[in-house]
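The model shown is predicted, which means the values in this text are computed figures rather than measured ones. Residue numbers start from 1 in every chain, and the chains themselves are labelled A, B, ... in the order their sequence lines are given, proteins ahead of strands.
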Amino acid sequence: MKIEEVFVVKAPIQKVWDFLWNVEEMVQCVPGVEGAEMLDPDNYRVRLKVKVGFISASFAIHMKVTEKHPPRFLRSVCTGEEDRRLSTLKQNNVLELQPLADGSTQVTLKGEVSLFGKLGTLGDSVVRGKARKMMEEFSNNVRTKIEAS
Amino acid sequence: MSRFITLSVNEVSRRVEVEPRETLLEVIRDHLGLTGAKLGCDIQVCGACTLLVSGKPVSSCSFLAVDADGCEVTSIEGLSCNGRLHRLQEAFIETGGLQCGFCTPGFILTAKALLDEQPHPSEEQIKKYMAGNLCRCGCYQEILDAIQKVAGRRAVQNG
Amino acid sequence: MKNFEYLEPRSVQEACQLLRQHGEEARIFAGGTSLSIVMKQGFFQPKYLVNIKKIPDLTGIRWDPKRGLTLGALVTHRELETSPLIQETFPILSQIEEDVANIRVRVMGTVGGNLAYAEPLTDLPQILIALEASIRVAGPDGDRTMSLEELFVDYYETSLRPDEILTEVLVPTPPPRTGIEYIRFSSSSVIDKPCLGTAVRFTLEEDLETVRTARVVLGCVAPTPLRARQAEALLEGKRYEVQRVKEAAAFASRECKPVSDLRGSEAYKREMVRVLVTRAAPRAFEKARAFRGQV
Amino acid sequence: MKDQMIGSSVRRVDHEAKVTGRAQYLADMKFPGVCCGKILRSPIAHGRIRGMDASAALRVPGVLAVVTRDDFLNNSRIDPYYGPVFKDQSIVALDKVRFMGDPVAGVAAVTESAAEEALAAIQVDYEELPAVFDVLEARREGAPLVHEIIRVPPHGFEDLAGLRPKESSNICTHFQLTRGDVERGFAESDHVFEDVFTLPDTQHSSLEAHAVVAWVEPGGRIVVWSTTQNPFVIRTQLSNIFRVPVSQVRVLVPYIGGGYGGKLYPKLEPLAVALALKAQRPVRIVLSREEVFLTITKHAAHIRIKTGVKNDGTLWGRECEVLLDTGAYAEIGPRVAKKSGYTAAGPYRIPHVKINSYCMYTHKPPAGAFRGFGVSQSAWACESQMDIIAAALKMDPLELRLKNAYEEGDTFATGETLTNVGLTDCIKRAARAVGWGDRRPRNSSSPLARGKGLACLIKATITPSLSSALVKMNEDGSVNVYTGTIEVGQGSETVLSQIVAEELGLTMEQVRVAPMDTDVVPYDLTTSSSRSTFHMGKAMQLACQDLKGQLRELASQLYKVPKDQVRVEDGKVTIPDASLSYREILCTRFGMSGGNLVGQGVVKTSMLSPTGEKSTSAFWFLGAGAAEVEVDRETGRVRVLKYASAADVGKAIHPLGCRQQLEGAAVTGVGQTFFEQMVFDNGQLINPNFIDYVLPSLLDVPEVIESLMVEVPHPEGPFGAKGIGETGLIPVAPAIANAIYDAVGVRIKDLPITPEKIFMALQAQREGTTLEDR
């Protein structure tokens with residue numbers, strides 16, 4: 001399942017990059033993140049709780065930065081297992097920043113999410129819809145936080 | 001956590017000890033030994049597990065047995081009487097409304113509920129009522145024929 | 001299914017108390033058609049199921065010319081489909097119920113459960129919202145009423161508090177010259193869940209040409225049922241015209257937020273919203289012109 | 001009585017048990033001491049098993065046995081590898097897992113919940129490997145390999161003997177068929193067409209899930225109750241795996257709740273026996289619906305077809321490349337690919353043919369036999385392209401088909417002569433049934449458009465094959481019949497009883513088909529390939545004739561009359577001056593109220609015809625389908641107004657049964673045409689349930705389905721009968737696709753034909769582009 005989100009932050013590219021590269025801080029913008037811990041600058045441990053109505057699932061996620069070209073490009077891979085072992089999650093992310101003429105920055109977020117196991121069969125539209133919504137919320141949070149700082 | 005429930009199954013009163021998580025299908029098959037109702041899809045789509053509760057068709061795979069306490073349950077085993085087949089059973093055989101037979105008890109019970117509610121359904125009414133029972137062998141035309149045959153015969157008798 | 005304790009309160013108050021007492025570990029059980037699926041899959045393992053079917057005041061369909069239609073939360077889909085009262089006052093409801101899921105689900109599933117479960121691929125909410133229905137909610141501290149539209153928050157998520165119970169649905173008596181049309185669209189089997197559903201309702205001015213109120217409610221194209229407000233605004237207060245309907249349909253198609261899934265791509269669903277609004281509107285308009293006290 | 005038996009829709013012998021709910025399917029049966037077996041499945045699509053720890057599972061209360069690879073590595077008493085063509089499957093994963101859902105361990109426990117708890121307690125450490133999910137990826141140079149080594153069993157199927165896996169590739173098998181010189185064929189053609197067609201993975205979706213109950217008796221005899229369509233294959237495979245003589249394996253089969261090819265070859269049996277061996281108890285495994293989807297599927301396919309045609313519509317050359325996705329294990333895929341290849345040129349005389357058909361491994365659930373067996377894939381391409389050709393040549397599709405269709409005595413692509421060919425009759429009758437040629441004026445203001453379409457087919461049956469039958473006459477003249485044919489709903493019990501009753505002049509009540517038990521019934525290869533009426537029916541007829549011979553012999557001896565003066569007919573033995581009942585003969589023979597005569601019949605088909613010619617098929621299935629549809633141009637939704645199915649059945653022994661088979665196949669075809677599709681996301685099946693994998697309902701079937709039976713008798717078949725089970729399915733999708741094209745002028749090449757695909761194609765048409773341009 002591929003999702004893509006493009007948004008503009010009213011801030012120069014370096015500022016946006018600095019925010020995003022502070023991964024511990026940045027992942028807090030992901031809705032449902034309950035804690036992030038840096039193992040080394042390229043590896044993080046994240047706890048994520050996803051709620052769909054009264055169904056909830058908690059994942060222990062390992063995030064690994066696999067490629068970075070400051071201040072424009074960041075590629076990462078997330079793998080995670082759900083606490084009840086109902087599911088595993090795998091996500092490839094690409095983050096691209098592009099400075100715009102007016103001094104703001106366009107952020108392109110591309111994610112390929114795969115939810116394996118029971119939860120993957122929960123209902124295609126719900127899983128997709130939820131993933132898209134989380135992406136939207138994430139970009140909103142990122143924008144608000146950067147623009148407010 | 002288990003408790004006793006009382007059911008009238010094919011007009012015989014039964015007292016059964018069940019756990020809340022047990023489904024009516026499990027109770028009917030495993031506790032009462034009536035295996036005409038089948039587990040097909042387990043999510044109320046195929047209709048192989050159809051039973052009549054208070055005369056209405058339900059998916060017994062998803063019906064909590066505790067919820068049936070005090071109810072009248074009809075299974076396919078309750079349709080034929082003294083070795084004589086019910087009109088619908090006879091009609092399904094005559095028109096060839098079955099092949100592998102796995103869906104058949106569910107189809108016949110649903111058809112019975114339909115005709116009990118509406119003795120002279122139109123073709124459209126039959127189709128809409130019966131559309132929730134799946135026959136993978138694909139005997140739909142013959143099933144429709146069977147139900148129409150019984151409905152028609154009744155019409156003649158009543159008229 | 002994991003085991004659980006089965007509780008059978010005899011009153012709404014008792015049920016609310018049980019919900020308050022057990023919090024997230026408890027869940028209301030009525031028809032059980034949706035709940036059983038997630039419980040079997042292991043997605044949801046409640047410790048307590050609170051069966052509200054033994055509560056007497058939650059059943060029944062009532063009609064009062066002034067107040068409108070009252071549906072108890074435990075009214076089943078099948079009751080809506082077959083009730084002579086509904087067929088007389090709100091035939092649209094019984095017509096759409098013929099196509100909801102299958103006969104067994106209609107026999108078991110309740111109106112209250114359908115709404116409170118907030119499953120995204122369903123039909124009833126669109127029509128009820130188009131008819132400006134409201135719901136009554138009981139909680140440990142008393143009752144409240146809200147518009148049905150406010151109930152839906154997200155996939156399977158409502159604005160009900162954990163200890164609240166939806167007790168009634170109230171559908172106001174339609175104003176004169178009202179017509180409604182609903183189109184349920186499936187992209188595969190006729191019996192598949194809807195790919196999308198479109199309700200269009202008009203209430204006309206006395207001239208039978210001008211649209212006083214328009215409701216365009218779209219289902220399955222967002223996490224919740226969605227009112228196409230721009231489309232509505234375009235139609236309201238103006239003469240009914242085919243061209244304007246086309247424009248409104250185009251608005252609706254842009255306003256919705258479908259996701260690509262097994263039942264169709266985002267682009268296709270947007271196109272279908274356009275087609276279905278265009279198809280539903282003239283029928284709703286004609287019905288409004290021919291209004292005889294029922295919708 | 002006599003003249004009524006063959007060709008009469010007698011009351012089916014299995015129906016009363018089925019309408020009363022008393023027919024026993026495996027999950028309905030009680031077995032003393034039975035425990036519950038469950039399977040742990042791989043959560044990843046491809047990976048090496050680094051380590052496994054099942055000790056915690058064994059500590060779960062109620063757990064009786066856990067089976068993992070440790071039970072088979074270095075265990076000389078069990079050969080864990082099996083498979084009908086290659087030994088590429090194992091009881092549980094030994095080194096690698098190859099698809100998401102691949103069995104990794106088995107558990108037997110006294111309760112289902114204990115078994116589930118135990119599964120969760122098994123720790124497996126995987127090293128994840130890259131995976132491939134479609135045939136094109138799988139074929140790429142350097143693609144991850146599904147199998148590094150493939151074991152070829154010493155004795156395989158004779159018809160597949162030439163097929164070998166291609167080393168260091170994902171090509172499981174490659175079948176090639178050439179005739180003439182295809183390049184010359186194209187050069188001599190006036191027009192050349194090239195198209196690519198695809199079909200998705202689909203699933204049989206028998207309402208009854210696969211199930212097995214197995215135990216091992218003291219002394220080592222293995223007993224297996226299974227929902228299998230071919231118990232004798234199961235017996236052979238279990239005998240090989242557990243290294244015991246076949247006499248030490250007993251396979252029993254009750255009624256089956258739908259097979260359609262999905263219950264052939266070993267499924268759960270090897271693991272159930274391994275668990276039973278360890279648990280020392282009967283073990284029952286019943287699959288969940290989700291597991292059924294992971295157990296067996298229908299091959300997805302990618303088909304490139306290139307055809308050369310003369311101006312007058314004569315087909316002159318055809319090149320076809322068929323890629324069939326067999327998933328992680330070969331299963332019977334090599335034969336599916338071979339059959340797909342045989343018929344990829346269609347039921348047409350084409351002088352220059354070149355076909356390459358590949359069975360490809362991918363990291364998906366294994367694909368196997370499915371009603372239509374490879375031909376429903378190739379016919380989708382071939383019959384769709386026929387109408388592309390007809391449109392380009394401005395020819396009537398019916399005329400184009402009739403011009404090229406096989407007729408009696410034509411030479412098939414393999415060089416063999418075709419006989420008893422009722423193809424053109426089928427095509428004409430199907431076309432006539434939908435009013436071919438009648439055009440309704442189109443209402444231009446309506447978004448609805450109508451169209452008609454045709455498709456036809458040729459298909460082979462499994463050859464060589466073997467069926468044997470026993471008919472045991474009792475002292476009162478009634479008979480018990482012993483057959484390895486499985487009643488999957490097709491009506492075999494009834495048809496075989498009819499044949500016996502007809503031959504021996506008995507009533508249906510006097511004939512009883514014995515339950516299926518490999519200890520009792522003689523060998524039959526399989527209940528599949530629409531072969532039972534033809535093969536087993538003939539074997540029954542021969543067994544009856546054997547019995548009649550014995551009766552004649554006996555009467556001659558007992559009543560001292562020359563043999564040539566004894567006649568056995570109409571249920572009686574006639575000698576000069578007397579007519580004797582069977583009862584009298586048996587009574588005289590044995591001198592007491594007991595005793596049997598046993599007749600035996602064997603049908604063995606061969607790859608050589610009686611005239612010494614190569615024979616690909618003991619008989620050919622020929623048929624056609626025609627559809628009339630109505631397309632909603634604004635939404636792309638299609639309604640099938642009428643579907644007519646015509647098949648050359650040879651002789652309809654039970655006409656209602658024939659109609660059920662044709663119609664049922666058409667209904668399945670409708671599902672496969674419009675919506676059935678297994679959807680994968682990176683190897684994960686996301687719709688393994690009937691909410692999201694949609695099956696056709698009463699409201700989806702064509703408003704009228706007509707089943708037409710053409711009867712061109714086959715000299716080898718019982719009373720001329722041929723097989724019929726699969727014929728009806730094959731033409732459905734292309735006939736409907738052709739009707740859609742006729743209605744709105746868009747061509748859908750990828751199944752299923754969703755409204756969205758039609759809508760998008762119509763949009764492209766309006767914009768003056770084709771889908772390929774976009």
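The number of heavy atoms from other shown groups lying within 6.0 Å of NZ (C/Lys53) is above 12. For A/Arg45, the CZ atom sits in a loose shell: 12 or fewer heavy atoms of surrounding residues, nucleotides or ligands are nearer than 6.0 Å. Dense packing is recorded around NZ of C/Lys54, with more than 12 heavy atoms of other residues, nucleotides or ligands lying under 6.0 Å away. No more than 12 heavy atoms of other residues, nucleotides or ligands lie within 6.0 Å of CD in C/Glu24, so this atom counts as exposed by the packing criterion. More than 12 heavy-atom neighbours from other residues, nucleotides or ligands sit within 6.0 angstrom of NZ on A/Lys15. Within a 6.0 Å radius of NZ in C/Lys40, more than 12 heavy atoms belonging to other residues, nucleotides or ligands are found.
A distance of 7.5 Å separates CG in C/Leu262 from CZ in A/Arg128, rounded to the nearest 0.5 Å. A distance of 11.5 Å separates CD1 in A/Ile55 from CE in C/Met39, rounded to the nearest 0.5 Å. The distance from the NZ atom of A/Lys130 to the CD atom of C/Glu157 is 6.0 Å, given to the nearest 0.5 Å.
If you measure heavy-atom distances from C/Leu160 to chain A, you find no contacts under 4.5 Å at all. Of the two parts of C/Glu119, neither the backbone nor the side chain holds a non-hydrogen atom closer than 4.5 Å to a non-hydrogen atom of chain A. Neither the backbone nor the side chain of C/Arg263 comes within contact range of chain A, judged by heavy atoms closer than 4.5 Å. With a threshold of 4.5 angstrom between heavy atoms, A/Ile3 does not approach chain C through any atom at all. The part of C/Leu121 that comes within reach of chain A is its side chain, from C-beta onward, which places non-hydrogen atoms under 4.5 angstrom from that chain.
Taking every heavy atom of both residues into account, C/Pro258 and A/Arg132 meet most closely at O-NH1, 3.2 Å. The minimum heavy-atom distance linking A/Arg84 with C/Gly42 is given by the pair NH1-O, 3.5 Å. Contact detail for C/Val259 and A/Gly129: the closest heavy-atom pair is CG1-CA, 3.7 Å.
Shown are C/Phe43, C/Tyr156, C/Tyr117; of these, the ring-ring contact (aromatic ring centres under 6.0 Å, His included) with A/Phe54 is made only by C/Tyr117.
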Inset, instruction - Step by step, work out the side chain to side chain contact (heavy atoms under 4.5 Å, CB included) result for C/Asp154 and A/Lys51. - result: CA-CA 10 Å; C/Asp154 200 345; A/Lys51 237 173 139 281; over 6 Å; no
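Contact check for C/Lys257 versus A/Glu136: side-chain heavy atoms found under the 4.5 Å cut-off.
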